[in-house]
Amino acid sequence: MHIMYFTEQPMSAYPAEEGLKFGATALMFPNRFFDPVAGSRLYNEFIEQYKLAEAVGFDGIMLNEHHNAPFCMQAKANIFASILAAITERVKIVILGNPLPLAENPVRLAEELAMIDMISKGRLVSGFVRGGGQEQLAAGVNPAYNRERFEEAHDLIIRAWTQEGPFRWEGTHYQHRVVNPWAVPLQKPHPRVWIPGVISKETVLWAARHRYPYIALNTTVEQTLRIWELYDRTAEDVGFRGGPEYHGYLKQVHVGETDEKAIENARQFTWMQGEFTGLAHPVWSTPAGYSSPENRRGFVEFSTGRGSSPRRRPTFEEQLENNMIIAGRPETVIRKLREVITATRPGILSLWANDGFMSQADSMTCIRLMGQEVLPAIRETAKELDLKSPFEAETPVGIGFSDDLAPRAAAAAE
Amino acid sequence: MAVAWTRTQPQAGGVALRLDRAGSGPPLLVLHHDIGSLERLPAYDALSQHFDVLLPQHPGYGHSERPEWMRSVRDLAVLYRGLLADLGVGRPILLGLGFGGWISAEMATMAPRDTERLVLVGAMGIKPPAGDILDQALVSHIDYARAGFHDGAAFDALYGAEPSTDQLVEWDLCREMNFRIAWKPYMYSATLPHLLGAMRAPALVVWGEHDAVVPRSAGEVYAARLPDARLEVVAASGHCVEMERPAELVRLVTTFCNRG
């Protein structure tokens, strides 16, 4: 099993009452409430967290990015990936992910990622995402072409990584006279690509068709199992067997010296409603054309307050009860995490260990206790359950580099 | 008196459109807003007493199919020029409402001799020298549609105080098509003002006194750049003059076209 450390890098030092007064903490919440003095301190605290995570035995550090909001301070995941490439020695640098549609020049992105891969001596895992709805608005990128841009930028990046230049790219959304980057990845044929997601069925299908592991972001056990079922069924159609090495799971898990202390801290997971989006006007998080047409009716009802959010989460107590949030002293966390792992069988596990206003001292304690007690126990469980990571299983990096495919349709025809 | 509208599904640009038509007289092409259009409006019926009214639903809006290839409002204008040619309609009067005003201004400039009259009502299409065109991407479907009205009661009377979910879905489809063809720059063309001088026919620029969607400064640019144009401000109306002050708009159009 591959176990990662994750923090959203929360900008906790903002006046929360102003967010409540404004009615939103994303996109349009004025940036005069951002304090660069606190920002400087926090960025450096996150660096300390990452260093400790490596020191105590995490396999990877997961990074992401968001814009115009306090819930995530990373405006460019590649910047922290670059820092980690230089200051860490062993951990995988797992970007989940670069929002491809936001890129006006995917070749530039291919170059940046290749540099990170070389500087880190081949430790990059390059995830790609569509980006949240409001990220499209923050970047001024047309939400109606989000998925088309995602797919085309992906194709261009993989080609820039794996095919010798110069070549020309005349696509629908991207045109490049000359693609010939003098920075290519160290890892061959290219760095691993993992695809995180929340609710879009299309993304699960797309990931499975490309043979990329899918990382379920903080979904319930039931949602997660439905995702695996869809993924594995699609994998079978394509010609490979799904399973743990293609299944990743991000969980909110906080460890403290005592259950009481950990649970009190874990309340911070409901900070910003415990979502990736902060508190936003629903119209911002689902601009027209961004979601699947089949979700259109649900989203317009939600946007007028008639329907509940498709991403709605239960209360903190309910989330603790059903293991959506896991918090406690190490023994408690190990027991609960084992339940979840046994039920969902992931080969990649990301621990979202802190959020909101948790202090740096408590965050560091959490990371230390995870390393000392939780990780060894979970590795034991993973071994018992035969949950291998893509590295352990040595899976191909993608469909185009697979020589073991047995598509179901072809098999039936024989 | 009930007006007899006929409905056809002509092809244009590879997709089937919905076209409603009624009345007789000179051809009048009515181009609807970026929020689509209700099926029937008193203004449409009244205009059909004076004109051969052609009322298409834009491709990608309402019940007209979406042309996946379309990328600009100018594409849409060319498509409508082709549709008129197919229908054998020459020298139409163009009546453009809001977003439809932008389409009709493009149509007029690309075929100046094939335009009888141009009427722009709160037309988008030009970057306002003062203020900005209201950005629908940041407000809810209902709030955006309401912003077109000075008098909320007029909105309630037409759409209901709580518009149906079907209406919301339709607005979302319209919104998606707006984004597909007018996302950036948002709801204007940087080149259109330089082309307006080619216009030959007289133009009437109508603006609701309280238009909160398109600043009147854009109307002043239209009136100044079109060679033979005047600006008419309609009191007690927002952006959607045809829905808030239908009789006044019909009077302005018929008088301007010598059909009153």
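Hydrogens, waters and symmetry mates play no part in the numbers below; they use all other heavy atoms, side chains included. Because the structure is predicted, anything quoted here is derived from the model rather than measured. Numbered from 1 within each chain, the chains take letters A, B, ... in sequence-line order.
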message: Need one label for B/I142: side chain, backbone, both or neither, based on atoms under 4.5 Å from any heavy atom in chain A.
response: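 Only the side chain of B/I142 comes within 4.5 Å of chain A.
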
field: Part of B/D166 lying under 4.5 Å from any heavy atom of chain A
entry: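 Contact with chain A: backbone and side chain both.
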
message: Looking only at heavy atoms and a cut-off of under 4.5 Å, which of B/D135, B/N178, B/L173 has the most pairs with chain A?
response: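 Most heavy-atom pairs under 4.5 Å with chain A: B/L173.
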
Which heavy atom in [X] sits nearest to a heavy atom in [Y], and how many Å separate them?
X: A/Y145; Y: B/R71; value: OH-NH1, 3.3 Å
X: A/W284; Y: B/L138; value: NE1-O, 3.0 Å
X: B/F179; Y: A/N142; value: O-ND2, 2.7 Å
X: B/E176; Y: A/A288; value: N-CB, 3.5 Å
X: B/A137; Y: A/V283; value: O-CG1, 3.6 Å

Over 12 non-hydrogen atoms of neighbours within 6.0 angstrom of [atom1] in [X]:
X: A/R108; atom1: CZ; answer: no
X: B/D156; atom1: CG; answer: yes
X: B/R7; atom1: CZ; answer: yes
X: A/K201; atom1: NZ; answer: no
X: B/H194; atom1: NE2; answer: yes

task: Compare all side-chain heavy atoms of A/V300 with those of B/R175 and state whether any distance is below 4.5 angstrom.
output: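 A side-chain contact is absent here, since even the closest heavy-atom pair is not under 4.5 Å.
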
task: Could you walk me through whether A/R297 and B/T165 pass side chain to side chain contact (heavy atoms under 4.5 Å, CB included), step by step?
output: CA-CA 7 Å; A/R297 187 166 275 276; B/T165 298; 3.1 Å; yes

query: For the candidates A/P287, A/S303, A/P143, which exhibits the highest count of non-hydrogen atom pairs separated by less than 4.5 Å from chain B?
result: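 Highest number of pairs under 4.5 Å: A/P143.
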
